[in-house]
Structure formats: C-alpha cells, structure tokens
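One structure below.
Proteins get letters first, then strands, A, B, ... in listed order; numbering begins at 1 in each.
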Protein chains: 2
Amino acid sequence: MDETHTIAALAALAQPTRLRTFRLLVEREPDGIAAGELARLVDVPQNTMSAHLSTLAQAGLVRGERQSRSIIYRADLDRFRSVMLYLLQDCCGGNANLCAPLISDLTPCCAPTEAQAR
Amino acid sequence: MDETHTIAALAALAQPTRLRTFRLLVEREPDGIAAGELARLVDVPQNTMSAHLSTLAQAGLVRGERQSRSIIYRADLDRFRSVMLYLLQDCCGGNANLCAPLISDLTPCCAPTEAQAR
DNA sequence: GAGCCGATTCCTGAGTCCTTGAAACATGCC
DNA sequence: GGCATGTTTCAAGGACTCAGGAATCGGCTC
C-alpha cells in the first residue's frame, strides 16, 4: 500500500453515496449485493451507481463478479484494512499514543482470537 | 463523529500535499510545525500551503495557534482517531473479521497499557 | 431471432478543487 | 513610524467531479 493507492481509496470514500455504498457492502460481507439492488438501497439511478461502483473498484475497495444477469459487488476488506494501516502507520513510527486508545476502543467488540493472532 | 464530518476528513486527506502535511504533523506531535516550515518541508508555495492547512483545519484534523510571528500547526489526534473509529464501526456491527487482523497488526507496535485501557 | 432485464458507457452542464500571483494583514524590531 | 518577516486572503484559470438522460452491451427466456 503506497501513497497513491491510499489517496485513491480516501477519495473514493470521501463522497456520501460511495461511503454509504461501501458500508453497506462491508455489512453484507461475504454475500455481496447486486449493482441494481445497491442503487435501490441507496436510492440513486442505476447509471449513477454504476459510476460510483467503478470509482470504488478502481480504488480497489470493491470487486464485482458477474452472476448470470446481475453483477454482485463485494467489499475488499483486505484492501480496506491496509488503507487503515497505512494511515495509522505513523503512530508506530513515533507516536504510540495514537493507536493505543484506538485499540482499546476496538478490542471490546472484536478482539483477535488466538487463531487469528499473528 | 457523523457522516458529514467523516466525509470532510476523508476529502481533506485525499490529496497528496495535505496527506503528506498531516502525516508530518502526526510525526511531530506534540510539538507542531510552523506554517512556513511546512511549506518548505513539503515544497509548495506558502499560500498554497495556507489553503491546504485551512482545509485540514476546517475538517478538524489540525489546529493552528499563533506564536509570535509564526503560526504553529498541530494534528488533532483525537479527531483523527474518531474518524478511523467511524470507518471501522461496521466491523463491530456485523463483521468482526475486519477488525481482528487489524488489531493484531497494530498491537505489536503499540499495545495499550493498563493505564490507557478503558 | 425477438424481447426483456440488469448493468455499463457516453455525453453534457453545473459545480468544485487546485494552484499561484498579487495584495493585505499581523507581529516584532529598530 | 518604518521596515522585514510570516501568514492569510483574494481573484482567476485550468482541471477534475458529480448527476442523470440516452444509447449500448451482455445474458436469459421463449
């Protein structure tokens, strides 16, 4: 994950329709949602949604897969996680105070299990 | 932290000069850096930097404080952290798999101490 | 093949962002 | 006051973004 990719991801998420869309897709992992249903859920025309999905896809945050007539979109959690990590990296390189409270806030809801810890 | 503020923060960071500037400020917490020195470090004209700093300030990510002739800018880590939390919230609300590896990646460098844990 | 449906592509007008020269403002020092 | 320094504000042009109507494409069913 480098600066260019991070900028693309941030720009992709810095737009109400796209942020909502992406959050819907994160919620619905790993099932995904069809493009048309996304348009309905977010209440925008299909072509508008298509343009936004293409932005998100270009940023690597979502991926679409054709399934008969529909195209099912899914969030790429790995990519999203690495964007977050890139942004939080600085804290490791000199400012542990940034991450520590964040981890504290995050841990109660979904602490890593033994199996997941590396 | 609501959607509007999050969008503003993401848009503010989704620009190379501003992202670099913000990361410099995070590194240099809690000392801060003067506007002019930031312009020199990032290699942009002073007025360009001033415009970017004003965007970052409007998003709540940085704050400037006059100190004699200079204006010292500092990153607002609390604000930044709450943006991150907003983005990661979904994982708590339905998708623990997103956060767990992130916590694992983050913990080695800066685990919360007893005093900081809530 | 004909028709339909889901999705994308093309296009265009309106709006916003980025940059930078020039001007203005604030502060400190003589 | 006069001047230098650090910073912001103003204005303008070029580039990019967003939304949605119209046309097009791909795939299914009959």
Side-chain angles (χ1 to χ4, degrees), chain A residues 3-25 28 31-76, chain B residues 3-25 28 31-76:
Chain A
E3 191 195 80
T4 310
H5 290 130
T6 304
I7 298 260
L10 290 172
L13 294 177
Q15 207 278 342
T17 303
R18 288 197 295 261
L19 183 56
R20 257 170 249 154
T21 302
F22 182 71
R23 301 188 103 210
L24 278 174
L25 288 173
R28 289 273 195 101
D31 299 344
I33 309 180
E37 199 191 336
L38 275 172
R40 237 171 294 122
L41 289 172
V42 180
D43 193 30
V44 296
Q46 264 188 345
N47 55 355
T48 301
M49 177 54 76
S50 180
H52 286 311
L53 283 171
S54 133
T55 303
L56 285 167
Q58 200 133 21
L61 291 168
V62 307
R63 245 179 304 207
E65 201 182 344
R66 174 139 240 151
Q67 196 163 310
S68 127
R69 266 188 294 207
S70 301
I71 294 183
I72 309 292
Y73 279 88
R74 295 189 43 199
D76 186 332
Chain B
E3 192 194 78
T4 310
H5 290 129
T6 304
I7 298 261
L10 290 172
L13 294 177
Q15 206 278 343
T17 303
R18 287 197 295 263
L19 183 57
R20 258 170 249 154
T21 302
F22 182 70
R23 301 188 102 211
L24 278 174
L25 287 173
R28 289 276 191 100
D31 297 345
I33 308 180
E37 198 190 336
L38 276 172
R40 236 171 296 124
L41 288 172
V42 181
D43 195 29
V44 295
Q46 264 189 345
N47 55 355
T48 301
M49 178 53 75
S50 179
H52 286 311
L53 284 171
S54 133
T55 303
L56 285 168
Q58 201 134 20
L61 290 168
V62 307
R63 245 179 303 206
E65 202 183 341
R66 176 138 240 152
Q67 195 162 310
S68 127
R69 266 187 294 207
S70 300
I71 295 184
I72 309 292
Y73 279 87
R74 296 190 42 201
D76 185 332

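Rounded to whole Å, atom C1' of C:dT20 lies 14 Å from atom CG of B:D43. For the pair B:R63 CZ and D:dT7 C1', the computed distance is 20 Å after rounding to whole Å. Here the P atom of nucleotide D:dT8 and the CG atom of B:L56 are 12 Å apart, to the nearest Å. As rounded to whole Å, 17 Å separates atom C1' of C:dT9 from atom CE of A:M49. Rounded to whole Å, the distance from CG on B:L38 to P on D:dT7 is 9 Å. Whole-Å rounding puts the A:Q58 CD to C:dT8 P distance at 14 Å. Here D:dG6 presents its P atom at 16 Å from CD1 of B:I33, a figure rounded to the nearest Å.
Nearest-nucleotide positions on DNA chain D place A:V44 closer to the 5' end than the other of A:V44 and A:Q67.
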All N/O pairs under 3.5 Å across the protein-nucleotides 16-19 of chain D interface:
from	atom 1	to	atom 2	distance (Å)
D:dC18	OP1	A:R18	NH2	2.9
D:dC18	OP2	A:R18	NH1	3.1
D:dA19	OP1	A:Q15	NE2	3.4
D:dA19	OP2	A:H52	NE2	2.4

Short N/O separations, protein against nucleotides 1-6 of chain C, under 3.5 angstrom:
none

Where do N or O atoms of nucleotides 22-25 of chain C meet protein N or O atoms at under 3.5 Å, pair by pair?
from	atom 1	to	atom 2	distance (Å)
C:dA22	N6	B:N47	ND2	3.2

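Every residue two or more places apart in sequence or in another chain that forms a side-chain hydrogen bond (donor to acceptor under 3.5 Å, both in side chains) with A:R74 is listed here: A:E29.
Within the structure, the side-chain hydrogen bond (donor to acceptor under 3.5 Å, both in side chains) test picks out the following pairs touching residues 32-61 of chain B (sequence neighbours left out): B:R18-B:H52. The side-chain hydrogen bond (donor to acceptor under 3.5 Å, both in side chains) contacts involving residues 3-15 of chain A comprise A:D2-A:H5, A:E3-B:R20, where partners must be two or more places apart or lie in separate chains.
The backbone N or O of B:L25 sits nowhere less than 3.5 Å from a side-chain atom of B:R23 that would complete a donor-acceptor pair.
Considering every non-hydrogen atom in both A:L38 and A:L53, the closest pair reads CD1-CD2, 3.9 Å. Considering every non-hydrogen atom in both B:A34 and B:S70, the closest pair reads CB-CB, 4.1 Å. Taking all atoms of both residues into account, the shortest heavy-atom contact from A:A35 to A:Y73 is CB-CE1, 3.9 Å. Smallest separation of non-hydrogen atoms from A:R66 and A:R69: NH2-O, 3.5 Å. When all heavy atoms of A:L61 and A:A12 are compared, the closest pair comes out as CD1-CB, 4.1 Å.
Residue contacts for B:S68: at a heavy-atom cut-off of 4.0 Å it reaches the sugar-phosphate backbone alone, with no base atom in range.
From B:I7, atom CD1 reaches atom CG of A:L19 across 4.5 Å, with rounding to the nearest 0.5 Å.
The shortest distance between the side-chain N/O atoms of B:Y73 and the OP1/OP2 oxygens of D:dG6 is not below 4.0 Å.
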